[in-house]
Amino acid sequence: MHLFEYKNRELYAEDVPVRKIVREFGTPIYIYSYNTLLNHFKAYESAFGNFPHIICFALKANSNAAIIKLFAKNGGGADVVSGGELFRALKAGIPAKKIVYAGVGKTEEEIIYALKNKILMFNVESEDELREIDRIAAKTKTIAPIALRINPDIDPETHPYISTGLKKHKFGIPIENALEYYKLANNLKHIEIVGIHKHIGSQLTKVSPFVDALKRILILVDELTRQGIRISYLDIGGGLGITYKDEVPPNPSQLAKNILPLLKDRKLTIVLEPGRSIVGNAGILVTKTLYLKEGQEKTFVIVDAGMNDLMRPTLYGAYHHIQPVVKNKRDKIIADIVGPICESGDFLAKDREIQKVKNGEYLAVMSAGAYGFAMSSNYNSRPKAAEVMVKGKKYELIRKRETFNDIIRGEIIPGFI
Ligand code: LLP
């Protein structure tokens, strides 16, 4: 569900015509719907209801300060994977005690930063990292709260680049070794075991991999309890999919219905790390058609957004629905919708049927709120896009379009040149 709908052939973001926004702020531009974001966030809150829970929004999906602030104001926590994300989460007002920190390569500086700020827990991904956190906590005279990220060896049945919970992946600790590492953690003086973590992949369209992985984790939790190791936080990661084309993923309440029965009578706080399912369909990328080019074998619609703005089609062959900002009655064409970047891989869609567009008309790339702006770059020295948030009839810029000077900020010409 989202609030980007046509009214009289014209695409609206909530109550604002998209055309009005692009006329004011230009293209390419990301537009987010406040109420869609909030509805998606609240869907998790209400799905888990009275069961103790923290919804830790995965900042990697979209880390704009305004978006994090919105979740912070509504009781959200954060799942971070770098010092930069931790900085953003704290700055937006997410309480440190609602921040979990994952990632296979945390640096000493990042670990110190997180310890100083007293985050809820480190989701530890290896023995080396566990020992390193213990050493750094000792050095800084603190105790580090940790969960071990367990790799349950469950196939999430999603794109190979975004699946993480199989033995061959770099993430987490193999479930077979989990007990041994928990015992080790228990003996480390500056480590306090508080939780257990798993995340098996992203854009999951079935509930069964969540359930299967959780069952494996719970067997481990029981064994830990028998061994005197108490787990307070059960972090089940993120990963719920969204509809890009015709997928029908489970919603948060279906997820909750399937997993809460497995948790009843357990004194646990459940932590969730949703990213895509909250922001994905709450954002669109609007681009302007620059040229129509009839190639020898194909027709190309050349637009002003490229793979630097939205990398997903290039990187994963991901499908994003593309529709005109103002519908017309012209014939349909089959075309590649491509950006201005000097790479053949620079496309937003291939062999796509769309209504014929004229130069200067706008197209909306749907479901672009997650891993869209967050993965954008300055490749080809293109300034990063502007971002706008709409709430009802109101709309505001939440990130200025970059300028050429922004692009070169930080570059230094050495004296020897
Ligand atoms: N927690 C952990 C430990 C993760 O690694 C991820 C995503 C999430 C939570 C959030 O997952 P979500 O709810 O968004 O599925 N760039 C790719 C997606 C990479 C996902 C990486 N990890 C894409 O554009 O599809």
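Small disclaimer: the values here were computed from a predicted structure and weren't measured. Keep in mind that the numbers below use all heavy atoms, side chains included, and drop hydrogens, waters and symmetry copies. One-based numbering, in listed order, for ligands and for the atoms of each.
A centroid separation of 6.0 Å or more is found between the aromatic rings of His53 and Phe51. Checked against the 6.0 Å centroid threshold, Tyr319 and Tyr244 do not count as a close aromatic pair.
Under the 4.0 angstrom criterion for non-hydrogen atoms, Met311 is not in contact with ligand 1. The closest approach between Gly237 and ligand 1 stays at or above 4.0 Å for every heavy atom of the residue.
A salt bridge is defined here as a Lys NZ or Arg NE, NH1 or NH2 lying under 4.0 Å from an Asp or Glu carboxylate O, and Lys106 with Glu129 meets this definition. Using a 4.0 Å cut-off between charged side-chain N and carboxylate O, Lys60 and Glu85 make no salt bridge. Ion pairing of Glu387 with Lys384 is absent here, as no side-chain N (NZ or NE/NH1/NH2) approaches a carboxylate O to less than 4.0 Å.
Here is the list of ligand 1 atoms found below 4.0 Å of a heavy atom in Ser202: 11 (O), 12 (P), 14 (O), 15 (O), 20 (C). Ligand 1 places these atoms under 4.0 Å from at least one heavy atom of Gly238: 9 (C), 13 (O). The Gly275 neighbourhood of ligand 1 comprises atoms 12 (P), 13 (O), 14 (O), with distances under 4.0 Å to a heavy atom of that residue. Taking every heavy atom of Pro274 and a limit of under 4.0 angstrom, the matching atoms of ligand 1 come to 13 (O). Residue contact check: Arg149 has heavy atoms under 4.0 Å from atoms 3 (C) of ligand 1. Listed by number with element, the atoms of ligand 1 under 4.0 angstrom from any heavy atom of Glu273 are 1 (N), 2 (C), 3 (C), 8 (C), 9 (C), 10 (C), 13 (O).
Of the heavy atoms in Arg276, both backbone and side-chain atoms come closer than 4.0 Å to ligand 1. Of the heavy atoms in His199, only side-chain atoms (C-beta onward) come closer than 4.0 Å to ligand 1. Of the heavy atoms in Tyr316, only side-chain atoms (C-beta onward) come closer than 4.0 Å to ligand 1. Of all the heavy atoms of Asp79, the ones lying under 4.0 Å from any atom of ligand 1 belong exclusively to the side chain.
Taking only nitrogen or oxygen atoms, main chain and side chain alike, Ser277 does not reach within less than 3.5 Å of ligand 1. At under 3.5 Å, a nitrogen or oxygen of Gly239, whether backbone or side chain, sits near a nitrogen or oxygen of ligand 1.
Tyr32 and Tyr30 have parallel rings, their planes meeting at less than 30° on a 0 to 90° scale where 60° marks the start of perpendicular.
A cation-pi contact, defined as under 6.0 Å to the ring centre and within 45° of the axis, links Lys350 to Phe347.
Open room surrounds CD on Glu396; 12 or fewer heavy atoms of other groups in view lie less than 6.0 Å from it.
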- Item | Verdict with reasoning, Lys394 to Asp15, per salt bridge (charged side-chain N to carboxylate O under 4.0 Å, His left out) | CA-CA 8 Å; Lys394 292 187 220 156; Asp15 299 326; over 6 Å; no

